[in-house]
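Here's the structure we're looking at; comments come further down.
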Number of protein chains: 2
Amino acid sequence: MPPATTRDLPHPAREEIRLESVLHALSDPVRLRIVRELAADSDELLSCSHFDLPVTKSTTTHHFRVLRESGLVRQTYRGTAKMNGLRRDDLDALYPGLLDALLAAAARQAARLGTD
Amino acid sequence: MPPATTRDLPHPAREEIRLESVLHALSDPVRLRIVRELAADSDELLSCSHFDLPVTKSTTTHHFRVLRESGLVRQTYRGTAKMNGLRRDDLDALYPGLLDALLAAAARQAARLGTD
DNA sequence: CGGCTCGTACGATAGCCCTCGTAGTACGGT
DNA sequence: ACCGTACTACGAGGGCTATCGTACGAGCCG
């Protein structure tokens with residue numbers, strides 16, 4: 001049997017990741033912010049509860065699911081915590097330069113609007 | 001008085017263009033396709049009716065309005081025709097490299113899925 | 001075991017969005 | 001003046017989405 005601390009979650013395969021879904025996922029301010037934080041700590045996996053978001057826990061769960069189903073984020077359980085990491089390898093392979101351009105654009109806008 | 005062939009349309013100023021709105025606009029397949037065609041003929045202004053889209057004229061009007069209001073496209077009347085052009089200058093100034101990365105990603109996906 | 005924390009499931013609500021059809025306006029040409 | 005073309009306005013339907021509250025399951029620790 002698999003290790004007790006592993007409940008598996010459905011992720012799209014690399015080839016199933018659709019650009020439209022990625023863009024739609026990032027068109028929500030809460031999710032864009034999550035992705036920016038994940039990119040900032042790109043060598044760490046962050047738990048859902050690590051984020052201080054202006055929505056309830058239910059809504060947070062919803063946003064993380066959208067991110068996972070769009071292929072932007074990989075989620076794994078570690079005990080009761082759910083760890084999140086950007087799927088940078090898959091995204092870079094599919095769309096080279098896209099993620100960096102998106103993150104740079106988000107950083108620019110945050111700086112411009114003072115939302116940093 | 002302005003030339004008779006000029007009915008003005010509301011466009012967001014460069015500084016008002018929001019990344020989330022741009023991404024949302026591009027997350028629809030019909031609009032992504034429009035933007036790709038506009039980028040391919042980037043030195044030409046294309047009329048709305050130039051596009052052969054799988055939706056009715058009403059819906060086409062709707063999509064072009066979303067593109068205009070998001071700041072992706074500039075629209076001007078020329079007689080009865082409404083000409084459309086990408087706002088590449090504004091987008092490149094706000095988010096350098098973003099538009100090219102998005103277009104390249106869309107081209108990659110189209111090639112991968114044979115939807116070209 | 002008992003409780004605590006982390007996250008999920010489900011239902012509900014309200015708003016947005018894609019789509020369409022019909023009716024109408026603006027402009028150019030005959 | 002008249003007609004045709006290009007686009008718009010308005011309204012409606014149906015689906016998706018963001019949000020929440022409450023109730024629940026899964027794992028850790030005393």
Side-chain angles (χ1 to χ4, degrees), chain A residues 1-11 18 20-35 38 44-70 72-85, chain B residues 1-11 18 20-35 38 44-70 72-85:
Chain A
M1 66 179 181
T5 52
T6 305
R7 282 169 284 165
D8 280 7
L9 292 162
H11 288 80
R18 299 276 274 113
E20 290 89 335
S21 303
V22 171
L23 299 183
H24 172 249
L26 292 177
S27 71
D28 181 281
V30 175
R31 292 192 294 258
L32 183 57
R33 174 167 157 184
I34 291 172
V35 168
L38 284 174
E44 296 275 355
L45 293 182
L46 300 180
S47 73
C48 291
S49 55
H50 168 272
F51 296 85
D52 184 29
L53 300 173
V55 291
T56 64
K57 267 195 300 184
S58 311
T59 307
T60 301
T61 297
H62 162 68
H63 284 309
F64 273 105
R65 177 169 42 210
V66 173
L67 287 172
R68 185 187 72 238
E69 292 177 347
S70 76
L72 269 165
V73 158
R74 174 143 357 240
Q75 297 189 299
T76 47
Y77 280 101
R78 186 141 77 202
T80 70
K82 188 151 82 173
M83 310 307 289
N84 300 275
Chain B
M1 66 181 182
T5 52
T6 306
R7 281 168 285 165
D8 281 7
L9 292 162
H11 289 80
R18 299 277 274 111
E20 290 90 336
S21 303
V22 170
L23 298 182
H24 171 250
L26 292 177
S27 72
D28 181 281
V30 175
R31 291 193 293 257
L32 183 56
R33 174 166 156 185
I34 292 172
V35 167
L38 284 174
E44 296 274 355
L45 293 182
L46 300 180
S47 73
C48 291
S49 55
H50 169 270
F51 296 84
D52 186 28
L53 301 172
V55 291
T56 64
K57 267 193 299 184
S58 312
T59 307
T60 301
T61 298
H62 162 70
H63 283 310
F64 273 106
R65 179 169 41 211
V66 173
L67 287 172
R68 185 186 73 237
E69 291 178 347
S70 77
L72 269 165
V73 158
R74 171 138 4 233
Q75 296 190 301
T76 47
Y77 279 103
R78 186 138 79 201
T80 72
K82 188 151 84 172
M83 309 308 288
N84 300 274

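Order of the sequence lines fixes the chain letters, A, B, ..., with proteins taken first and strands second; residue numbering starts at 1 for each chain. Scope of the values below: all heavy atoms of this structure, side chains included, with no hydrogens, waters or symmetry mates.
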Report yes if some heavy atom in the side chain of [X] is under 4.5 Å from a heavy atom in the side chain of [Y]; otherwise report no.
{"X": "Leu67(B)", "Y": "Ile34(B)", "result": "yes"}
{"X": "Val73(B)", "Y": "Leu38(B)", "result": "yes"}
{"X": "Leu72(A)", "Y": "Leu26(A)", "result": "yes"}

Could you tell me the separation between the [atom1] atom of [X] and the [atom2] atom of [N], rounded to a whole number of Å?
{"X": "Phe64(B)", "N": "dC18(C)", "atom1": "CZ", "atom2": "P", "result": "14 Å"}
{"X": "His50(B)", "N": "dC7(D)", "atom1": "NE2", "atom2": "P", "result": "12 Å"}
{"X": "Asn84(A)", "N": "dC6(C)", "atom1": "CG", "atom2": "C1'", "result": "12 Å"}
{"X": "Leu53(B)", "N": "dC18(C)", "atom1": "CG", "atom2": "C1'", "result": "14 Å"}
{"X": "Tyr77(A)", "N": "dA26(D)", "atom1": "OH", "atom2": "C1'", "result": "9 Å"}
{"X": "Leu67(B)", "N": "dC7(D)", "atom1": "CG", "atom2": "C1'", "result": "16 Å"}
{"X": "Met83(B)", "N": "dG28(C)", "atom1": "CE", "atom2": "C1'", "result": "15 Å"}
{"X": "Leu9(A)", "N": "dA9(C)", "atom1": "CG", "atom2": "C1'", "result": "14 Å"}

Counterpart residues, side-chain hydrogen bond (donor to acceptor under 3.5 Å, both in side chains), relative to Glu69(A) (two or more places apart)
none

side-chain hydrogen bond (donor to acceptor under 3.5 Å, both in side chains) involving Arg68(A) - partner list, sequence neighbours excluded:
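Checked Arg68(A) against side-chain hydrogen bond (donor to acceptor under 3.5 Å, both in side chains); matches are Gln75(A).
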
Identify whether any heavy atom of Ser47(B) sits under 4.0 Å from a base atom; if not, whether one sits that close to sugar-phosphate; answer base, sugar-phosphate or nothing.
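It contacts sugar-phosphate atoms only.
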
Does Arg78(A) put a side-chain nitrogen or oxygen below 4.0 Å from OP1 or OP2 of dG27(D)?
no

Short side-chain N/O contact from Ser49(B) to OP1 or OP2 of dT5(D), under 4.0 Å
no

Please table the atom pairs, donor to acceptor, closer than 3.5 Å between any side-chain atom in residues 53-63 of chain A and protein atoms at least two apart or in another chain.
| unit_1 | atom_1 | unit_2 | atom_2 | d |
| --- | --- | --- | --- | --- |
| Thr56(A) | OG1 | Thr59(A) | OG1 | 3.3 |
| Thr60(A) | OG1 | Thr56(A) | O | 2.9 |
| Thr61(A) | OG1 | Lys57(A) | O | 3.2 |
| His63(A) | ND1 | Arg31(A) | NH1 | 3.1 |

Would you compute the distance between atom OG of Ser47(B) and atom OH of Tyr77(B) and round it to the nearest 0.5 angstrom?
12.5 Å

Atom NE2 of His11(B) and atom OG of Ser70(B): how far apart are they, to the nearest 0.5 Å?
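The OG atom of Ser70(B) is 10.0 Å from NE2 of His11(B), to the nearest 0.5 Å.
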
In B/S/- notation (B base, S sugar-phosphate only, - none; protein heavy atoms under 4.0 Å), nucleotides 17-22 of chain D written 5' to 3' is SSBBBB

Mind checking what makes salt bridge (Lys or Arg N to Asp or Glu O under 4.0 Å) contact with Arg18(B), not counting sequence neighbours?
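Arg18(B) satisfies salt bridge (Lys or Arg N to Asp or Glu O under 4.0 Å) with Glu20(B) once adjacent residues are dropped.
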
Check the interface with nucleotides 1-3 of chain C: list each N/O to N/O pair with the protein under 3.5 Å, or write none.
none

